[in-house]
Amino acid sequence: MKKTILTLCAMMLMAVGAQAEDHPSKCCKQANPYQKYTKDLPFSMPEVKAPEFPDNHVNLADFGAVGNGSQLCTEAFAKAIDALSQKGGGKLIVPSGVWLTGPIVLKSNINLHLKMGAVIQFAADESLYPIISTSFEGLDTRRCQSPLSANGATNIAITGRGVIDGNGQYWRPVKKSKVTASHWKSLLQIPGSVVSKKDYWVPSEGYAQAEAKADMNVVKASSEEEWNQYKRFLRPVMISLVNCKNVMLKGVIFQNSPAWNLHPLMCENVIIDNVLVRNPAYAQNGDALDLESCKNALIVNSRFDAGDDGICIKSGKDADGRRRGIPCENVVVDGCTVFAGHGGFVVGSEMSGGVKNFQVRNCQFLGTDVGLRFKSTRGRGGIVENIYIENISMTDIKTDAITFNMYYGGKSVAEMIADGDNPDNTTKMPVTEETPIFRNINIEDVRCNGAGRAMEFNGLPEMPIDGITLKDIYIIAKQDATFTNAVNIKKENINITIEK
């Protein structure tokens with residue numbers, strides 16, 4: 001009898017649990033699983049919660065979409081989102097299949113949910129992506145519309161166990177040195193593509209013309225005809241979320257973006273949890289995540305494998321960034337892995353609006369060019385401060401385990417070393433609003449097995465890097481640490497072993 005009662009109780013609890021999962025609003029309110037990330041921080045940060053959605057759902061296949069990888073589903077996505085929006089929002093289910101589509105625009109209260117086996121692939125057709133006014137690399141400019149975007153939306157999510165693929169090889173240039181001989185040979189066979197300069201392939205003649213007159217990937221044109229000629233050069237970020245509030249990206253694989261992969265811009269209350277973000281190692285400007293001018297964000301339990309920076313923090317560039325004046329602040333990065341790319345955790349170089357109040361902990365960087373990378377240059381302005389980094393493990397770091405470089409010129413550290421760049425770090429310039437400031441940064445409990453150089457601090461003579469605490473640092477490297485134009489550097493238990 002006692003065993004029967006216990007069995008009945010267990011069945012009742014399971015039923016209640018199932019009801020809570022299917023209808024969370026109909027059961028007792030559950031504790032916030034993300035609350036733990038904002039407890040006991042060295043700065044004040046509000047609790048961040050996952051967005052909630054009405055208990056409605058629609059299936060993409062019910063709107064005429066066919067997941068065969070060849071039929072365009074752009075209209076079906078738009079109809080499904082509109083239908084769900086008219087109900088007040090809910091879950092748009094993308095079933096197993098390959099769903100070829102043009103741009104998708106999310107609306108408020110929409111959860112784009114990819115079932116296991118679902119692949120959303122964005123079509124390799126520039127005519128589907130109109131040119132819009134936007135921000136790219138921190139500057140106000142024009143680019144092609146992003147494959148997946150939202151602007152001014154509240155309560156949005158991309159969740160599930162599927163894949164979002166940007167068909168980035170259609171858009172990106174390729175350096176010969178970064179691919180195999182057979183890959184390079186196959187690129188040369190693509191109709192309309194050109195080698196615009198030595199060992200540098202681009203997908204169209206218009207791309208080559210635009211790049212020749214561009215300033216750091218930003219180009220100007222005198223007519224719509226000229227803009228359209230440059231279209232392939234105006235390759236977009238894959239996921240563009242602008243001025244959105246209550247955002248969640250969870251469980252999905254994001255890959256093969258035309259430019260940056262994930263780009264939340266001026267968003268508030270952002271959760272990025274258990275995602276895989278990947279690009280080929282040769283992907284130009286293929287950053288995995290660029291969190292720009294966002295407030296109250298969690299980046300947790302995720303993996304990043306890209307051809308450029310892994311987890312990158314930004315807040316606008318030069319005068320455009322200072323005019324925007326929105327810092328990236330109140331952010332926790334916890335339990336993440338970066339496999340390759342220019343940097344594991346990166347701040348800058350576009351940090352003109354400021355970066356502050358960050359906790360980065362329990363992360364591992366495996367085979368990146370740099371581990372912890374802080375970069376800027378004269379002209380940026382902005383203040384980076386109150387950054388707390390702890391419990392970081394690194395292996396096979398190709399250049400610096402930790403670097404602060406105030407002379408960034410668009411190259412990776414590996415490229416700077418290869419080119420023999422040696423900036424003048426002795427001549428003082430006037431301190432103005434264009435002078436970047438890096439101060440009050442705490443780095444402790446870092447272990448690195450294998451780096452080209454342990455650390456490089458290269459500040460400006462007129463504005464040294466100020467107030468950096470280094471504690472419990474263990475690095476095995478080929479070269480020792482160097483400190484130039486850095487003041488108030490507190491060192492405690494620094495162990496650097498130079499490899500023979």
Query raised in the report: So, does Thr469 use its side chain to make a donor-acceptor pair with the main chain of Asn442 at under 3.5 Å?
Result: no
Query - Distance-only side-chain donor-acceptor flag, Asp480 / Thr482, under 3.5 Å - result: no
Query - Ser135 backbone acceptor or donor facing Asp140 side chain under 3.5 Å - result: no
**Report entry** Minimal non-hydrogen separation, Cys144 against Pro236, with atom names
**Finding:** O-CB, 3.1 Å
Query raised in the report: Tell me, do Gln284 and Arg235 make a side-chain contact under 4.5 Å, heavy atoms counted?
Result: yes
**Report entry** Ile475 to Ala401 - nearest heavy-atom pair and separation
**Finding:** CD1-CB, 3.9 Å
**Report entry** Check: Pro42 and Gln359 side chains under 4.5 Å, non-hydrogen atoms
**Finding:** yes
Requested in this report: Taking atom CG of Asp215 as the centre, report whether more than 12 heavy atoms of other residues, nucleotides or ligands fall under 6.0 Å from it.
Outcome: no
**Report entry** Lys36/Asp334 salt bridge by N-O under 4.0 Å criterion
**Finding:** no
**Report entry** Nearest heavy-atom neighbours spanning Gly459 and Tyr407
**Finding:** O-OH, 3.1 Å
Report task. List the steps, then state whether side chain to side chain contact (heavy atoms under 4.5 Å, CB included) holds for Met416 with Thr399. Result -> CA-CA 10 Å; Met416 292 173 62; Thr399 60; over 6 Å; no
Query raised in the report: So, the side chain of Ser193 versus the backbone of Ile190: is there a donor-acceptor pair under 3.5 Å, distance only?
Result: yes
Query raised in the report: Can any side-chain N or O of Lys231 pair as donor or acceptor with the backbone N or O of Gly206 at less than 3.5 Å?
Result: no
Requested in this report: Mind checking the CZ-CD1 spacing from Phe358 to Ile313? Nearest 0.5 Å is all I need.
Outcome: 4.0 Å
Query raised in the report: Are Glu268 and Lys295 ion-paired here, with the side-chain N under 4.0 Å from a carboxylate O?
Result: no
Report task. Would you sort out whether Leu291 and Cys328 count as a side chain to side chain contact (heavy atoms under 4.5 Å, CB included), showing the intermediate values? Result -> CA-CA 8 Å; Leu291 191 76; Cys328 202; 3.9 Å; yes
Query raised in the report: Looking at side-chain heavy atoms only, is the closest gap between Tyr37 and Val48 below 4.5 Å?
Result: no
Report task. Answer with yes or no whether the side chains of Glu47 and Thr38 bring together a donor and an acceptor at under 3.5 Å. Result -> no
Query raised in the report: Can any side-chain N or O of Tyr207 pair as donor or acceptor with the backbone N or O of Arg172 at less than 3.5 Å?
Result: no
Query raised in the report: Is a side-chain donor-acceptor pair under 3.5 Å present for Asn425 with Asn485?
Result: no
Query - Arg278 versus Gln255, side-chain donor and acceptor atoms under 3.5 Å - result: yes
Query raised in the report: Going by an N to O cut-off under 4.0 Å, is there a salt bridge joining Arg380 and Asp318?
Result: yes
**Report entry** Note, Val105 side chain near Gln145 side chain (heavy atom, < 4.5 Å)
**Finding:** yes
Query raised in the report: So, for Pro147 and Val237, which heavy atoms are closest and what is the spacing to 0.1 Å?
Result: CD-O, 3.4 Å
Query raised in the report: Does the pair Thr426 and Asp424 meet the rule for a side chain to side chain donor-acceptor pair (under 3.5 Å), with working shown?
Result: CA-CA 6 Å; Thr426 60; Asp424 176 8; 2.8 Å; yes
Query raised in the report: Is Lys398 reaching over with its side chain to a backbone N or O of Gly452, donor-acceptor style, under 3.5 angstrom?
Result: no
**Report entry** Cationic tip of Lys356 above Phe43 ring, under 6.0 Å, 45° of axis
**Finding:** no
Query - Where Ala150 and Cys244 come nearest, the two heavy atoms and their spacing - result: O-SG, 3.6 Å
Query raised in the report: Once you round to the nearest 0.5 Å, how far does CG of Asp287 lie from CG of Asp308?
Result: 4.0 Å
Query raised in the report: Is the side chain of Trp227 donor-acceptor paired with the backbone N or O of Ile131 at a distance under 3.5 Å, no angle test?
Result: no
**Report entry** Contact check, side chains of Met429 and Leu460, non-hydrogen atoms, under 4.5 Å
**Finding:** no
**Report entry** Nearest-0.5 Å distance that lies between atom CZ in Phe404 and atom CG in Leu372
**Finding:** 8.0 Å
Query raised in the report: Do Val195 and Trp184 touch side chain to side chain, with heavy atoms closer than 4.5 Å?
Result: yes
Requested in this report: Indicate the atoms forming the closest heavy-atom contact of Ser257 with Met238, along with that distance.
Outcome: CB-CB, 3.6 Å
Report task. Taking the side chain as every heavy atom from C-beta outward, state whether Leu112 and Ile120 have any atom pair closer than 4.5 Å. Result -> yes
Report task. Ignoring hydrogens and angles, state whether a donor on the side chain of Tyr474 or Asn493 is under 3.5 Å from an acceptor on the partner side chain. Result -> yes
**Report entry** Euclidean distance, Arg373 CZ relative to Asp309 CG, rounded to 0.5 Å
**Finding:** 5.5 Å
Query - Given Asn405, Thr403, Ile441, the one that forms side-chain contact (heavy atoms from CB on, under 4.5 Å) with Phe374 - result: Ile441
Query raised in the report: Asp369 side chain to His342 main-chain N or O, any donor-acceptor pair under 3.5 Å?
Result: no
Query raised in the report: Hey, which of Glu292, Arg324, Lys245 is the one that makes side-chain contact (heavy atoms from CB on, under 4.5 Å) with Met266?
Result: Arg324
**Report entry** Test side chain to side chain donor-acceptor pair (under 3.5 Å) applied to Arg447 and Ser393, step by step
**Finding:** CA-CA 5 Å; Arg447 300 160 303 280; Ser393 299; 2.8 Å; yes
Report task. Report yes or no: is the cationic atom of Arg143 (NZ for Lys, CZ for Arg) under 6.0 Å from the centre of the six-membered ring of Phe233, at an angle within 45° of the ring normal? Result -> yes
Report task. For the residue pair Glu211 and Tyr200, confirm or rule out a side-chain donor-acceptor distance under 3.5 Å. Result -> yes
Query raised in the report: Run the side chain to side chain contact (heavy atoms under 4.5 Å, CB included) check on Met45 and Glu329 step by step: do they pass?
Result: CA-CA 9 Å; Met45 177 175 171; Glu329 60 181 325; over 6 Å; no
Query raised in the report: Rounded to the nearest 0.5 Å, how far apart are CG of Asn246 and CG of Asn269?
Result: 5.0 Å
**Report entry** Donor-acceptor contact below 3.5 Å, side chain Ser349 vs main chain Lys375
**Finding:** no
Query raised in the report: Short question: side chain of Arg232, backbone of Ala208 - any donor-acceptor pair under 3.5 Å?
Result: no
Requested in this report: Answer yes or no: is there a side-chain heavy-atom contact under 4.5 Å between Val277 and Leu289?
Outcome: no
Query - Pairwise salt bridge (charged side-chain N to carboxylate O under 4.0 Å, His left out) hits with a residue in residues 218-227, at least two apart - result: Arg142-Glu224, Lys213-Glu226
Report task. Run the numbers on Leu234 and Val219 for side chain to side chain contact (heavy atoms under 4.5 Å, CB included), then give the verdict. Result -> CA-CA 9 Å; Leu234 304 174; Val219 68; 3.8 Å; yes
Report task. Give me the ring orientation class for Phe483 and Phe457: parallel if the planes are under 30° apart, tilted from 30 to 60°, perpendicular past 60°. Result -> tilted
Query - Distance, nearest 0.5 Å, that separates CG of Leu265 from CZ of Phe136 - result: 12.5 Å
Report task. Verify the ring-centre separation between Phe122 and Trp171: is it less than 6.0 angstrom? Result -> no
Report task. Given side chain to side chain donor-acceptor pair (under 3.5 Å), test Asp273 with Tyr34 step by step and report yes or no. Result -> CA-CA 10 Å; Asp273 181 11; Tyr34 296 102; 2.5 Å; yes
